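Single-structure report; data block below.
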Number of protein chains: 2
Amino acid sequence: MTSIRAVASAAGVSASTVSRALNNPELVNAETRRRVLECADRLGYRPNRAARSLVLGRTSNVGLIVPDIANPAFAPFIKGVEAYFRDTGYGVFLADTDEDADTEARMAEAMAERADGLILCASRMPGMRVRSIAAKTTVVLANRLSRSVPSVALDLKPGIDQAVTHLHALGHRRCAFLSGPRDSWSNRQRRKHLTAGCAARGIELIELGPYEPQFTGGYRAADEALAADVTAVFAYNDLIALGVLARLHARGVRVPEDMSIVGVDDVPTASMVSPPLTTVAVPIQALARAASAMLLDRLRADRSDTVAAAPPPRPPAPELAARLLIRSTTGPT
Amino acid sequence: MTSIRAVASAAGVSASTVSRALNNPELVNAETRRRVLECADRLGYRPNRAARSLVLGRTSNVGLIVPDIANPAFAPFIKGVEAYFRDTGYGVFLADTDEDADTEARMAEAMAERADGLILCASRMPGMRVRSIAAKTTVVLANRLSRSVPSVALDLKPGIDQAVTHLHALGHRRCAFLSGPRDSWSNRQRRKHLTAGCAARGIELIELGPYEPQFTGGYRAADEALAADVTAVFAYNDLIALGVLARLHARGVRVPEDMSIVGVDDVPTASMVSPPLTTVAVPIQALARAASAMLLDRLRADRSDTVAAAPPPRPPAPELAARLLIRSTTGPT
DNA sequence: TTGAAAGCGCTAACAA
DNA sequence: TTGTTAGCGCTTTCAA
């Protein structure tokens, strides 16, 4: 391993000059800099990150914690965060929590040691736990809003309103909400907007569930929706909606003639089944960018010792707005 | 930040004793150790990783590089690696290369600075490039075999043989291979086993493509397969197979009555469409474990300065064997 | 069983 | 514009 001293002696300067040439090139004579850079290059010098971190007090790493890597609704989020940080000089740690709040807390603590900041996606932790971690390291919450911790979330309202209007226009007057994890932030959001939308348009809304937010969760949901005598269902997510579709197909119920289905997320599978699924598409990559940008901002703010003022809670950004994607699982009643 | 010295003075011992109590408890008096541990705990002491890395010369991090996080065939791999390292004390860096060899090389170089070892999944890099990176850091290749670099790969042969036998038993005598990325390691493997299997059983095999290994790549493939007058297609992967299925459905061709379809991977979507897809299921989580275990092994070998002998190239492990999953897209001709 | 001291590779005052 | 010096927090000889 070539150290900075090796480069220094090769270039006939001191270690500090090498350090400056590399990190603050404007502080060093052009000719000297050229020579140093040339030597560093020739010797294949790679700065030792540990040493750098030690003296600087930062790692240039960030951590990303998600409930389930294999969940197709999160994959683009991970990809978006990766892409965002790819050329920032930050490394990205990833951890999966298996949807478990305790694992999430453990991983967050572990990552706090290795990274300068964390993005918690769809966090399952109780607010207190989140705050306690946020007290130790820079945290950004994605897809969950909090008053005390910087956070960004999707704006489901426009998409859900469109879905309700769509169903209403098709003549549906009695619908079901196929609920996901009862008390999760996402589920509460979705229920809230849906309830409001249906009330505003005079649609009777029945809540069914909770169902496991998976394909197979949709099987049970389908049967119960049929029994509840509704003409359309609004699923917590696409996975449930897809399960409903499959189950109805198996039971010989026609979609959308006998039952309309709306999902949320627009996972890739939604457009691969037939009939393709009508769904509330969610700009998950935009969420990833927003969360990443927010974290990077705060990290930079931490460096320049400007007292990092809490960012003003912003109104829902238009790029985070969900919108209805009408495909073929919704039709007139 | 509580440092080791703070703990030391709280416990009335020296820093070295604290270090020992933490890392080599057997070297310190039981009572002293208890006191040190108690103080460390009380002060909320967290060792500084940078300092540790600096003196130890290792980071306790590993890197994982995949072509595409959002590809459902890789997601379980990432998840498997995460899960494997979760309780080993290693952090896992993740990078996505957008299927690009240059990006892959760049990310690998960047990660080599931050991690002790790397897992390269389905690497797109030319062999030379891989070796040059393997010369600088510990690397394990997943889903690609190499003579010079430690590697593990799935064993497609059993699954493909089963698929060929299955198709033969159903009466198919003229089939098409819908090829993926022409010169990728995966594609060559699949073609090789398929060609051999078909030859052995007297099935005429036509190669079509290459197709983009995506859902929409399957559209074109479907039309060309129809024109080629085959009774069954063997797709490079499930995504293509799913696209074929959708396209045939749109063209009014019945599956499996008029055309049988076999995919590879067993992505979740394969079981969500109707008819559900017959596919060669691939134990991707087992691959993840195998690759992780191999990397961890080599990392430990590097530490104990036993001259790390190259591990003997092992025969394909049974847990890495693919197998046919017969669902409903294959039937008698 | 413990402590003192040296040093991992780097950056940042401070001095020149 | 450059060099000297003093650490960053930890582990590990070496001596006691």
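Sequence lines set the chain letters: A, B, ... in the order given, protein chains first and strands last, and positions in each chain run from 1. Quantities reported herein were computed from a predicted structural model and do not represent experimental measurements.
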Answer with base, sugar-phosphate or nothing: what part of the nucleic acid does [X] contact at a heavy-atom distance below 4.0 Å?
| X | result |
| --- | --- |
| B:V55 | base |
| B:T32 | sugar-phosphate |
| A:L27 | base |

Item checked: Any A:T17 side-chain nitrogen or oxygen under 4.0 Å from OP1 or OP2 of D:dT2 ->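 Checking A:T17 against D:dT2: no side-chain N or O falls below 4.0 Å of OP1 or OP2.
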Check: Are any of B:N48's side-chain N or O atoms less than 4.0 Å away from OP1 or OP2 of D:dC8?
Finding: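 Checking D:dC8 against B:N48, no side-chain N or O comes under 4.0 Å of OP1 or OP2.
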Could you state the [atom1]-[atom2] distance from [X] to [N], rounded to the nearest angstrom?
| X | N | atom1 | atom2 | result |
| --- | --- | --- | --- | --- |
| B:M1 | D:dG9 | CE | P | 10 Å |
| B:L54 | D:dC10 | CG | P | 12 Å |
| A:E26 | D:dT2 | CD | C1' | 15 Å |
| B:R58 | D:dC10 | CZ | C1' | 12 Å |
| A:E113 | D:dG9 | CD | P | 15 Å |
| A:E31 | D:dT2 | CD | P | 10 Å |

Using a cutoff of under 3.5 Å, can you pull out all pairs of nitrogen or oxygen atoms linking the protein to nucleotides 13-16 of chain D, with atom names and distances?
none

Checklist line | Side-chain (A:D68) to main-chain (A:D98) donor-acceptor, under 3.5 angstrom | finding: no
Notebook entry, point to check: For DNA chain C, whose closest nucleotide is more 5', that of B:N29 or that of B:A51?
Noted result: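 With B:N29 and B:A51 compared, the 5'-side residue is B:N29.
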Notebook entry, point to check: Can you give the first and last nucleotides of DNA chain C, 5' to 3', that have an atom under 4.0 Å from a heavy atom of chain B?
Noted result: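 First-to-last contact on DNA chain C, by the 4.0 Å heavy-atom rule, is C:dT1 to C:dG9.
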